[in-house]
Amino acid sequence: MTLLRGLIPLCALLVACGRGTQPTPTIGDDASMRTGTPEGWPRVLVVTAGEGPALFLGPESDSPPIGYLSSGVRLRLDGPPVNGRVPVTVAGGMQARGWAKLGRVGLYVTHRGRLDGTPSYVAVGDLVGVTGRTDDGQWRIRVTPWMGREELDRLGPFDATVAADGLTDTAPSGPDAELNAGENRLLPVGTEVPVYDRPGGAVVARIPATETAHTVVVLRSRGGWNGIRAGVGPYLVGYVQGDLAAADAAPRASWTTPAAGADGIPARIAGETGSLHRLAEGTRIRFLDRVIAVARRGAWARELGRVSGGRADVYVAVDDGCALRGLVREDDLLSAEGAAAPPASAAPAEPMPAGPSGS
């Protein structure tokens with residue numbers, strides 16, 4: 001059971017739902033701010049890795065979270081940034097609308113190179129967060145070098161700017177084959193490794209201690225110092241001191257997206273407790289008085305409670321790209337008899353968003 005489940009007062013849900021049938025709004029109810037792709041921005045943004053909910057009801061800083069999005073999910077950009085968030089529509093099995101934080105949405109890099117003013121390096125195809133545009137049209141980006149063992153096994157963040165043509169929404173077809181191969185070496189085990197901007201210079205980052213050695217690429221060596229590229233993209237670059245043992249292979253990511261559970265139950269739904277239901281194609285999911293999503297295919301839902309007006313509070317997903325918290329009609333809950341959910345360890349350890357009251 002997640003910690004946030006018990007923080008949703010039933011009375012608040014009753015107020016949110018009202019005592020009778022609610023009108024049927026269109027998805028979003030923020031049409032005045034959904035004016036289309038802003039000038040200079042691409043029509044599509046891509047979700048980046050990060051902690052906590054990625055989708056919110058509105059642009060306000062205290063707007064309630066409504067769902068999680070997995071890294072790599074594509075979003076249609078529906079309007080300009082407001083208060084550090086952008087209005088988006090989620091593609092895929094569940095058509096959902098909400099507001100995503102800048103930095104948790106991004107684009108793919110089109111040119112490799114060191115990012116000025118940071119100890120980070122990007123290869124063609126690396127996914128970086130977008131935080132805005134400069135007055136002269138450059139992109140403001142946020143880079144979190146990825147060490148590859150967990151989704152959030154990352155360093156930084158580091159903020160930088162790149163040229164207007166330096167980003168794209170097109171996913172790479174494969175790794176950047178033009179990266180300097182260097183020499184594969186192992187960092188020491190069990191100790192934090194400081195990374196310097198130059199031999200004997202200032203510390204720009206620290207690679208945490210690990211029980212098994214991280215492999216890095218040594219690009220140059222002199223006087224007991226090794227110029228390294230650490231991570232699997234984006235990268236951390238700098239200098240470490242001391243002799244490094246040879247590694248058998250190049251650095252690579254060992255973390256993969258959690259697989260769907262038995263019978264195709266999305267990992268986030270499989271990892272929750274509560275009655276398991278199916279939802280039919282076309283089911284509408286509401287938060288407060290607005291429709292936030294429509295299931296474009298059959299969905300899975302964990303029932304978290306019943307509220308007045310014949311509604312059920314549910315955590316729902318069609319696939320592992322998007323999971324939302326909201327309300328459906330009790331009549332929308334279909335039997336999931338015979339669907340065996342895998343153990344909770346199969347799902348990411350993420351607390352659910354607060355309930356439809358926003359509390």
What side-chain donor-acceptor pairs closer than 3.5 Å can you find for residues 78-89, not counting sequence neighbours?
unit_1: Asp78; atom_1: OD1; unit_2: Arg76; atom_2: NE; d: 2.7
unit_1: Asp78; atom_1: OD1; unit_2: Arg76; atom_2: NH2; d: 3.4
unit_1: Asp78; atom_1: OD2; unit_2: Arg34; atom_2: NH1; d: 2.6
unit_1: Asp78; atom_1: OD2; unit_2: Thr89; atom_2: N; d: 3.4
unit_1: Asp78; atom_1: OD2; unit_2: Thr89; atom_2: OG1; d: 2.6
unit_1: Asn83; atom_1: ND2; unit_2: Pro59; atom_2: O; d: 3.0
unit_1: Arg85; atom_1: NH1; unit_2: Gly58; atom_2: O; d: 3.0
unit_1: Arg85; atom_1: NH1; unit_2: Glu60; atom_2: O; d: 3.0
unit_1: Thr89; atom_1: OG1; unit_2: Arg76; atom_2: NH2; d: 3.2
unit_1: Thr89; atom_1: OG1; unit_2: Arg97; atom_2: NE; d: 3.2

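- Counting heavy-atom neighbours within 6.0 Å of Asp243 CG, excluding the residue itself, gives a total of 12 or less.
- Rounding to the nearest 0.5 Å gives a distance of 13.5 Å between CG of Leu244 and NE2 of His214.
- Taken to the nearest 0.5 Å, the CZ atom of Arg325 stands 15.0 Å off from the CG atom of Leu55.
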Evaluation steps, side chain to side chain contact (heavy atoms under 4.5 Å, CB included), between Val294 and Ile285: CA-CA 6 Å; Val294 174; Ile285 298 92; over 6 Å; no
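- With contacts defined as side-chain heavy-atom distances shorter than 4.5 Å, the pair Ser63/Trp99 does not qualify.
- In the model, Thr212 has a side-chain atom that pairs as donor or acceptor with a side-chain atom of Arg149 under 3.5 Å.
- The side-chain heavy atoms of Leu304 and Val314, taken from C-beta on, include no pair separated by under 4.5 Å.
- Val122 and Val46 are members of different hydrophobic clusters when ILVMFWY side chains are connected at heavy-atom separations under 4.5 Å.
- Put simply, CE on Met147 and CG on Leu152 are 14.5 Å apart, with the number rounded to the nearest 0.5 Å.
- Across all their heavy atoms, Ala312 and Leu333 have their closest contact at CB-CD1, 3.7 Å.
- Partner of Trp139 under the side-chain contact (heavy atoms from CB on, under 4.5 Å) criterion, out of Val128, Val130, Thr131: Val130 alone.
- Under a hydrophobic clustering in which Ile, Leu, Val, Met, Phe, Trp and Tyr are joined whenever their side-chain heavy atoms come within less than 4.5 Å, directly or via other members, Ile66 and Leu102 fall into the same cluster.
- At least one donor-acceptor pair closer than 3.5 Å links the side chain of Thr110 to the backbone N or O of Asp165.
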Stepwise side chain to side chain contact (heavy atoms under 4.5 Å, CB included) test for Trp300 and His277: CA-CA 6 Å; Trp300 297 90; His277 300 274; over 6 Å; no
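- Of the possible donor and acceptor atoms, one in the side chain of Arg302 sits under 3.5 Å from a partner among the backbone N and O of Ile269.
- For the pair Gln138/Asp136, a side-chain contact is recorded, criterion being any heavy-atom separation below 4.5 Å from C-beta on.
- In plain terms, the two heavy atoms of Thr118 and Ala160 that are nearest each other are CG2-CB, 4.0 Å.
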Candidate pair Trp41 and Arg133, rule side chain to side chain contact (heavy atoms under 4.5 Å, CB included), full reasoning: CA-CA 9 Å; Trp41 289 72; Arg133 302 294 298 270; 3.7 Å; yes
Please table the atom pairs, donor to acceptor, closer than 3.5 Å between any side-chain atom in residues 191-202 and protein atoms at least two apart or in another chain.
unit_1: Glu192; atom_1: OE1; unit_2: Arg206; atom_2: NH1; d: 3.4
unit_1: Asp197; atom_1: OD1; unit_2: Ala202; atom_2: N; d: 2.9

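- Taking each heavy atom of Ala253 and Val232 in turn, the nearest pair found is N-CG1, 3.6 Å.
- A distance-only check finds no donor-acceptor pair linking the side chain of Arg311 to the backbone of Ser308 [under 3.5 Å].
- Of the options Leu236, Leu179, Leu115, a side-chain contact (heavy atoms from CB on, under 4.5 Å) to Tyr121 is made by Leu179 and by none of the others.
- Leu127 and Gly106 get closest at one heavy-atom pair: CD1-C, 4.1 Å.
- Side-chain contact between Asp126 and Tyr108: absent, with no pair of heavy atoms (C-beta onward) separated by less than 4.5 Å.
- Every residue two or more places apart in sequence or in another chain that forms a side chain to side chain donor-acceptor pair (under 3.5 Å) with Ser221 is listed here: Asn226.
- Summarising the geometry of Val47 relative to Leu75, their closest heavy-atom pair is CG2-CD1, 3.7 Å, with the distance given to 0.1 Å.
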Worked verdict on Thr161 versus Ile141 for side chain to side chain contact (heavy atoms under 4.5 Å, CB included): CA-CA 6 Å; Thr161 59; Ile141 64 170; over 6 Å; no
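- Here CG of Asp62 is found 11.0 Å from CZ of Phe56. Values are rounded to the nearest 0.5 Å.
- At least one side-chain heavy atom of Leu276 sits under 4.5 Å from a side-chain heavy atom of Ile265.
- Considering only heavy atoms from C-beta on, Asn180 stays 4.5 Å or farther from Val217 through its side chain.
- When all heavy atoms of Pro251 and Gly231 are compared, the pair lying nearest together is CB-O, 3.9 Å.
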Intermediate values then yes/no, side chain to side chain donor-acceptor pair (under 3.5 Å), Arg252 and Thr215: CA-CA 8 Å; Arg252 63 180 181 87; Thr215 302; over 6 Å; no
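- Residues Val328 and Val316 have side chains not in contact (no heavy-atom distance under 4.5 Å, counting atoms from C-beta outward).
- No chain of hydrophobic side-chain contacts below 4.5 Å, direct or via other Ile, Leu, Val, Met, Phe, Trp or Tyr residues, connects Val204 to Tyr239.
- With salt bridges taken as basic N to acidic carboxylate O contacts below 4.0 Å, one links Arg112 and Asp176.
- Distance check, rounded to the nearest 0.5 Å: CZ of Phe158 to CZ of Arg142 gives 11.5 Å.
- Using a distance-only test at 3.5 Å, with no hydrogens or angles considered, no donor-acceptor pair links the side chain of Arg154 to the main chain of Trp146.
- Side-chain contact check for Arg229 versus Val216: every heavy-atom pair is 4.5 Å or farther apart.
- The closest donor-acceptor contact from the side chain of Arg140 to the backbone of Asp159 lies at 3.5 Å or more, if one exists at all.
- Within 6.0 Å of atom CZ in Arg296, 12 or fewer heavy atoms from other residues, nucleotides or ligands are found, so the atom counts as exposed in its surroundings.
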CA sep, side-chain torsions, deciding dist, call: Arg74, Asp169, salt bridge (Lys or Arg N to Asp or Glu O under 4.0 Å): CA-CA 9 Å; Arg74 293 170 67 81; Asp169 65 349; 3.8 Å; yes
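- A distance-only check finds a donor-acceptor pair linking the side chain of Ser70 to the backbone of Asp320 [under 3.5 Å].
- Clustering ILVMFWY residues whenever any of their side-chain heavy atoms sit less than 4.5 angstrom apart, transitively, puts Val218 in a cluster other than the one holding Tyr235.
- Arg286 contributes no side-chain N or O that, together with a main-chain N or O of Arg290, makes up a donor-acceptor pair within less than 3.5 Å.
- Under 4.0 Å is where a charged nitrogen must lie from a carboxylate oxygen, and between Arg297 and Asp319 at least one such pair does.
- Taken from SG in Cys322 to CG in Leu69, the straight-line distance is 5.0 Å, to the nearest 0.5 Å.
- In the hydrophobic clustering of ILVMFWY residues, with side-chain heavy atoms under 4.5 Å counting as a link, Val44 and Val162 come out apart.
- Electrostatic pairing of Arg306 and Asp313 does not count as a salt bridge here, judged by no charged N lying under 4.0 Å from a carboxylate O.
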